[in-house]
Amino acid sequence: MKYDFAAIEKKWQDKWEECKPYAAETGSSKPKFYGLIEFPYPSGQGLHVGHPRPFTAMDIVTRKKRMEGYNVLFPIGFDAFGLPTENYAIKNHIHPAVVTKKNIANFTSQLKMLGYGFDWDRCVDTTDPKYYKWTQWIFLQLFKKGLAYKTTMPVNWCTSCKCVLANEEVVEGVCERCGSEVIRKEKSQWMLGITKYAQRLIDDLDDLDYIERVKIQQKNWIGRSTGAELTFDTNTEDRVTVYTTRPDTLFGVTYMVISPEHPLLTKWQDKIKNWDEVDVYKEAAAHKSDFERGELNKDKTGVRLEGIEVVNPATGKTVPMFVSDYVLMGYGTGIVMGVPGHDQRDWEFATKFGLPIIEVVSGGDITKEAFVAKDDSAVMVNSGFLNGLTVREAIPAMKKYVVEQGWGQEKVNYKLRDWVFSRQRYWGEPIPLVNCEKCGWVPLPESELPLVLPQVDSYELTDDGESPLSKMTDWVNTTCPCCGGPAKRETDTMPQWAGSSWYFLRYMDPHNDNELVSKEAEEYWGPVDWYNGGMEHTTLHLLYSRFWHKFLYDIGVVHTPEPYAKRTSHGMILGEGGEKMSKSRGNVVNPNDIVNQYGADTMRLHIMFIGDFEKAVTWSNEAVKGSKRFLDRCWNLMDIAKDDLSISEKNEPTIHKTIKKVTEDIDSLKMNTAIAALMTMVNEFYANGLTKGDLEQLMLLLSPFAPHITEEMWELTGFAAKYGKMAMQMPWPKYDETKTVASHHEMAVQVNGKLRSTIVVPADADDQTVIDAACADEKIKRQMEGMQLIKTIVVKNKLINLILKPAK
RNA sequence: GCCGCUGUGGUGGAAUCGGUAGACACAGGGGACUUAAAAUCCCCCGGUAGCGAUACUGUACGGGUUCGAGUCCCGUCAGCGGCACCA
């Protein structure tokens with residue numbers, strides 16, 4: 001009988017649809033396992049070959065967990081708000097909800113075609129009002145705790161599209177869509193106070209089982225630095241405060257720099273003698289994009305503030321003050337002390353403006369470049385009481401001194417900024433707040449949630465970059481829930497990150513209309529035991545969702561401070577030729593084609609066999625055949641298996657070894673070597689012959705990888721009838737360590753570290769026995785002629801190294 | 001520039017703690033079966049020399065540690081990912 005994958009896959013998928021073997025049961029007495037994959041964005045193109053990689057891996061992990069007796073939650077959903085759908089809607093005049101529905105239906109059928117063990121009854125869709133009711137609810141709680149606030153801040157503004165762009169939409173300083181210049185524009189935006197959680201987001205990483213590079217990237221993104229805030233007197237009534245990580249270099253300060261956006265600048269308008277010049281610089285800086293300010297314009301520019309002087313408390317001398325756009329308003333205090341001797345940026349600035357450069361740390365040549373000591377054992381000079389100390393000693397000494405003198409205090413800073421949470425877009429969750437002239441920003445009562453996205457005539461932005469919702473005057477004009485007076489609704493919507501920041505909680509209790517998640521469900525399922533996703537989500541999605549989860553922990557909604565106990569990441573699938581798959585390159589592989597040609601089981605197997613899960617791999621249509629061939633070989637074993645239900649003596653060591661290997665490899669996502677071990681086992685079965693008992697073990701091991709063919713074989717070989725269960729419902733096979741070892745080993749025999757021969761000896765033979773055996777070997781005898789044995793090294797069951805030297 | 005990762009046959013990739021480099025596949029070559037093709041089965045497959053046994057050589061490059069290095073250490077080069085005037 002031929003392996004008819006199309007008929008077999010259809011048969012079993014229909015069966016699973018009906019008997020729901022993947023249903024998770026909240027409150028079951030079995031141990032729980034919550035395996036999570038990043039839910040997809042349902043794009044119009046459908047699934048591409050990159051999706052099945054993480055999905056299949058976690059499907060295998062969770063299938064094995066079920067067989068090991070766990071009550072498994074392996075859910076799926078759709079992260080469906082977002083720009084591509086909105087843009088498609090604008091272009092084709094179709095409501096985004098209609099497009100979304102269609103795309104989700106398409107994704108669903110594709111995912112089912114691949115035979116994943118998702119609990120489809122728990123499927124969520126972030127654009128469903130029943131879902132985003134709770135996204136809005138979380139926002140309201142953040143607002144009530146003061147963690148959501150509105151502020152004016154610079155945004156990316158496309159001068160041609162006249163709209164606000166997300167950072168991701170700005171590519172090399174121009175608008176991704178039209179290629180026009182992008183400038184910074186002040187706009188009022190909702191912000192979330194993630195920086196208040198910065199330290200906890202760093203600290204709690206320590207106890208998590210995340211792959212190391214994810215932890216490192218998160219820490220770098222949060223960017224903690226320790227230093228001091230120092231306050232300087234000026235010749236105005238204001239004092240200025242700077243942040244520095246190197247208070248030890250205070251004696252080397254020869255000037256100060258203020259950011260063009262700093263409010264003190266405007267305040268000092270009358271005192272600055274060259275205000276016109278300063279104002280022009282200020283204006284010019286405002287019109288520069290971040291890109292120009294950063295990437296292109298390493299060349300330092302600036303204007304001296306005539307009439308403003310600052311006193312260096314360490315030396316008592318006055319130094320001049322400049323405005324320059326190399327100082328950022330958003331980090332530290334927006335004012336920097338210039339230490340040109342020991343900071344390359346300051347050195348460039350000082351060189352350009354002819355400012356003095358003082359050496360305060362010895363060891364470099366400050367006439368050529370700033371000396372930034374690589375280690376902290378360099379010695380301080382020209383620094384009063386610090387002279388002779390190493391940098392390592394000088395930093396704490398100066399910090400202490402600064403505090404004693406009342407010049408400042410120790411300070412920790414983070415690069416992490418608060419989260420810009422508004423989008424002037426239609427296709428997102430409406431922000432459930434109204435603005436009342438009397439009461440200010442007022443939250444909607446929770447009973448009015450969800451605040452449903454209203455129907456609009458056009459999804460285009462207004463000319464001044466406001467959300468399409470702002471044109472809906474009937475919707476915008478409302479009454480204040482607080483005083484009953486006239487009020488306006490917020491017309492900004494939430495970013496796509498919102499719905500994905502908590503979706504894993506909703507899976508635990510997806511149909512609950514009264515709570516985001518019931519206490520019972522959350523305490524049973526939380527936290528997620530294993531979350532796999534892309535490296536590209538390490539800094540944003542992962543950080544955002546950890547932040548929300550910590551907030552939910554603080555207000556008592558969840559019982560753990562962290563959402564995910566374990567995080568792994570998969571590599572990308574590249575197109576033929578090693579390039580990123582993209583429509584424009586025309587190298588996108590659609591999983592449908594592979595499934596039609598070879599079947600879902602082959603697709604699943606191949607995508608796992610293709611290479612190291614964490615690394616990028618190149619897709620090859622040619623190589624898929626190997627996986628299909630393997631399944632054919634498995635199938636054909638049915639014809640040659642002897643009618644004996646016990647494990648054959650000949651295959652026993654291989655079977656136990658393979659069970660061990662596959663068990664361990666699945667747990668560490670090394671599916672490629674697990675499959676290789678299964679292939680080796682099948683090759684041995686062909687070489688040795690096999691019993692039905694041998695085949696039974698193979699089917700159980702193969703089940704998580706290729707569930708359709710396995711169930712069919714399980715039925716045909718009579719095991720389904722024998723046990724009254726599907727293979728996937730059987731206990732995971734166990735191995736006996738003592739049976740994994742063969743009775744004899746082949747050992748390598750080296751002479752002076754070079755392989756010269758191999759010998760076969762009984763397992764666990766003692767050292768003298770193997771040395772004797774090695775010395776008796778013909779090839780070794782030849783090597784030993786005229787030589788003297790001075791040392792032997794024996795590695796049990798593996799290798800013998802004989803150290804010889806010429807005999808005297 | 002900074003942080004992180006990776007360099008292994010024609011190709012994808014294996015190789016617990018430092019212990020037989022190239023498992024398992026793909027492609028290729030040879031053979032069997034077949035009227036033929038597909039499929040299937042068997043054999044070969046890093047390089048150089050040799051009919052062969054075998055010898056030398058070989059994990060980006062240069063050093064080092066070690067009885068022994070793909071693996072550890074120092075340096076260099078290349079590629080990928082992230083961040084980037086963060087004081």
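The chains referred to below are lettered A, B, ... by the order of the sequence lines, with proteins before strands, and numbering in each begins at 1.
- Rounded to whole angstrom, the span from the CG atom of A:Asn621 across to the P atom of B:C26 amounts to 15 Å.
- As judged by a 4.0 angstrom heavy-atom cut-off over every strand, A:Val617 is placed among residues touching the sugar-phosphate backbone only.
- Within the nucleic acid shown, A:Arg782 has no heavy atom closer than 4.0 Å to any nucleic acid atom.
- Among the atoms of the strands shown, base atoms are found under 4.0 Å from some heavy atom of A:Leu799.
- Contact annotation: A:Asn413 side-chain N/O to B:A87 OP1/OP2 distance is not under 4.0 Å.
- A:Asn636 comes within 4.0 angstrom of nothing in the nucleic acid, heavy atoms only.
- Residue A:Ala677 is classed as having no contact, given no heavy-atom separation below 4.0 Å to the nucleic acid.
- Between A:Arg629 and the phosphate of B:A27, there is a side-chain N or O to OP1/OP2 separation shorter than 4.0 Å.
- Going from the P atom of B:U11 to that of B:A55 covers 28 Å, rounded to whole Å.
- A close approach under 4.0 Å does not occur between any side-chain nitrogen or oxygen of A:Lys754 and OP1 or OP2 of B:A69.
- On the C1' atoms, B:G47 is 13 Å away from B:G10, given to the nearest whole Å.
- Looking only at side-chain heavy atoms (C-beta outward), A:Arg224 and A:Asn413 stay at 4.5 Å or farther from each other.
- At a threshold of 4.0 angstrom between heavy atoms, the contacts of A:Ser620 with the nucleic acid are absent.
- Using a 3.5 Å distance cut-off with no hydrogens or angles, the side chains of A:Ser627 and A:Tyr598 do not pair a donor with an acceptor.
- For the 3.5 Å distance criterion, the side chains of A:Ser620 and A:Glu622 fail to qualify, holding no donor opposite an acceptor.
- Nucleotides B:G46 and B:A39 place their P atoms 24 Å apart, quoted to the nearest Å.
- Look at A:Tyr686 and you won't find any side-chain N or O under 4.0 angstrom from OP1 or OP2 of B:C41.
- Distances shown here put a side-chain N or O of A:Ser225 below 4.0 Å from the OP1 or OP2 atom of B:A87.
- The backbone N or O of A:Leu250 sits less than 3.5 Å from a side-chain atom of A:Asn312, completing a donor-acceptor pair.
- Counting any heavy atom pair closer than 4.0 Å across all strands shown, A:Thr539 reaches no nucleic acid atom.
- Rounded to whole Å, the distance from NE2 on A:His570 to C1' on B:G81 is 14 Å.
- A close approach under 4.0 Å does occur between a side-chain nitrogen or oxygen of A:Arg756 and OP1 or OP2 of B:C56.
- Heavy atoms of A:Phe630 sit nowhere under 4.0 angstrom from any nucleic acid atom.
- B:G12 atom C1' lies 13 Å from atom CD1 of A:Ile675, rounded to whole Å.
- A side-chain donor-acceptor contact under 3.5 Å links A:Asp766 and A:Thr769.
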Worksheet item: Which dot-bracket notation, 5' to 3', represents the base pairing of RNA chain B when pairs are defined as Watson-Crick or G-U with both distances under 3.5 Å, crossing pairs as [ ], and inter-strand pairs as |?
Response: (((((((..(((......[....))).(((((.......))))).((((....))))..(((((..]....))))))))))))....
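- A:Met679 comes within 4.0 angstrom of sugar-phosphate atoms only, judged by non-hydrogen atoms across all strands, and of no base.
- Following rounding to the nearest Å, A:Lys352 (NZ) and B:C85 (C1') show an atom-to-atom distance of 14 Å.
- For A:Lys352, the NZ atom counts as densely surrounded, since its 6.0 Å shell holds more than 12 non-hydrogen atoms of other residues, nucleotides or ligands.
- Legend: residues meeting side chain to side chain donor-acceptor pair (under 3.5 Å) with A:Lys628, ordered by chain and number and at least two apart, are A:Asp632.
- An OP1 or OP2 oxygen of B:A25 is reached within less than 4.0 angstrom by no side-chain nitrogen or oxygen of A:Lys625.
- For the side-chain contact (heavy atoms from CB on, under 4.5 Å) test, residues two or more places apart in sequence or in another chain that qualify with A:Glu664 are A:Lys660, A:Tyr735.
- Within 3.5 Å, no donor on the side chain of A:Lys615 pairs with an acceptor on the base of B:C5, nor the reverse.
- Heavy atoms of A:Ile610 sit under 4.0 angstrom from primed sugar atoms or phosphate atoms, though from no base atom.
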